[in-house]
Amino acid sequence: MTTRHTTTRNRHRAKLARGKPPCGICGGAIDYSLPYMDPGEYVVDHIIPLSRGGEDTIENKQPAHRRCNRTKSDRVEDVSIIRRSGSLRR
């Protein structure tokens with residue numbers, strides 16, 4: 001298990017934001033200038049959630065919108081397709 005700390009978190013956050021990639025969950029563009037707590041702001045998503053045994057490594061992280069990350073929550077299966085409405089497609 002990898003320990004979590006601020007320096008590593010900030011380094012991973014900056015590395016993932018380079019090139020301003022799209023949301024890893026919905027595929028939409030992310031506005032990297034949005035303020036904290038805006039639903040469209042950039043957050044880091046754990047592909048396999050820590051609560052499900054995922055590692056806190058750069059390989060297990062992807063950029064995401066805050067709303068997409070909140071909708072995904074700690075799900076692992078079938079999370080790659082989220083409708084624009086924000087609901088998961090089943």
Side-chain angles (χ1 to χ4, degrees):
M1 181 171 155
T2 308
T3 58
R4 298 178 73 189
H5 54 80
T6 305
T7 304
T8 301
R9 182 191 67 211
N10 291 343
R11 190 176 300 131
H12 287 178
R13 183 174 167 76
K15 186 173 183 178
L16 287 169
R18 276 188 220 136
K20 304 199 184 303
C23 177
I25 299 172
C26 76
I30 298 173
D31 183 345
Y32 286 81
S33 66
L34 291 175
Y36 178 67
M37 294 305 291
D38 185 285
E41 82 161 310
Y42 163 62
V43 297
V44 174
D45 170 55
H46 287 89
I47 299 165
I48 300 173
L50 300 176
S51 64
R52 302 291 179 134
E55 298 271 327
D56 194 35
T57 60
I58 192 76
E59 295 80 19
N60 189 41
K61 294 179 179 179
Q62 64 184 352
H65 295 109
R66 177 172 292 281
R67 71 177 157 267
C68 293
N69 196 28
R70 296 282 297 171
T71 302
K72 176 187 166 199
S73 188
D74 66 347
R75 294 181 184 98
V76 176
E77 70 289 332
D78 213 18
V79 294
S80 60
I81 302 171
I82 293 185
R83 294 186 201 147
R84 289 286 176 192
S85 66
S87 63
L88 286 172
R89 185 180 298 168
R90 296 210 176 221

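For this chain, numbers begin at 1 and follow the sequence in order. Note that the structure is predicted; figures quoted are calculated from it, not measured. What's counted below: heavy atoms across the whole structure, side chains too, no hydrogens, waters or symmetry copies.
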Does any non-hydrogen side-chain atom of [Y] lie less than 4.5 Å from one of [X]?
X: Val76; Y: Pro49; result: yes
X: His12; Y: Val44; result: no
X: Glu59; Y: Ile47; result: no

(message) Nearest 0.5 angstrom please: Asn69 CG to Ile25 CD1, how far?
(response) 5.0 Å

(message) Quick check for you: to the nearest 0.5 Å, what is the distance between His46 atom NE2 and Asp74 atom CG?
(response) 13.0 Å

Would you say the side-chain atoms of [X] pair up with the backbone N or O of [Y], donor to acceptor, closer than 3.5 Å?
X: Asn60; Y: Glu55; answer: yes
X: Lys20; Y: Ala29; answer: no
X: Tyr42; Y: Ser33; answer: no

(request) Could you tell me which non-hydrogen atom of Tyr32 sits nearest to which non-hydrogen atom of Pro21, and how far apart they are? (result) OH-O, 2.6 Å

(request) For residues Cys26 and Cys23, report the shortest heavy-atom separation together with the two atoms involved. (result) N-SG, 3.4 Å

(message) Apply side-chain contact (heavy atoms from CB on, under 4.5 Å) to residues Ile30 and His65 and explain how you reach the verdict.
(response) CA-CA 7 Å; Ile30 298 173; His65 295 109; 3.6 Å; yes

(request) Show which residues join Tyr36 in its hydrophobic cluster (side-chain heavy-atom contacts under 4.5 Å, direct or indirect), or state none. (result) Met37

(request) Please name the residue in the list Arg75, Lys72, Arg70 that meets the salt bridge (Lys or Arg N to Asp or Glu O under 4.0 Å) test with Asp45. (result) Lys72

(request) Count the heavy atoms of every other residue, nucleotide or ligand shown that sit under 6.0 Å from CZ of Arg13, and state whether that count exceeds 12. (result) yes

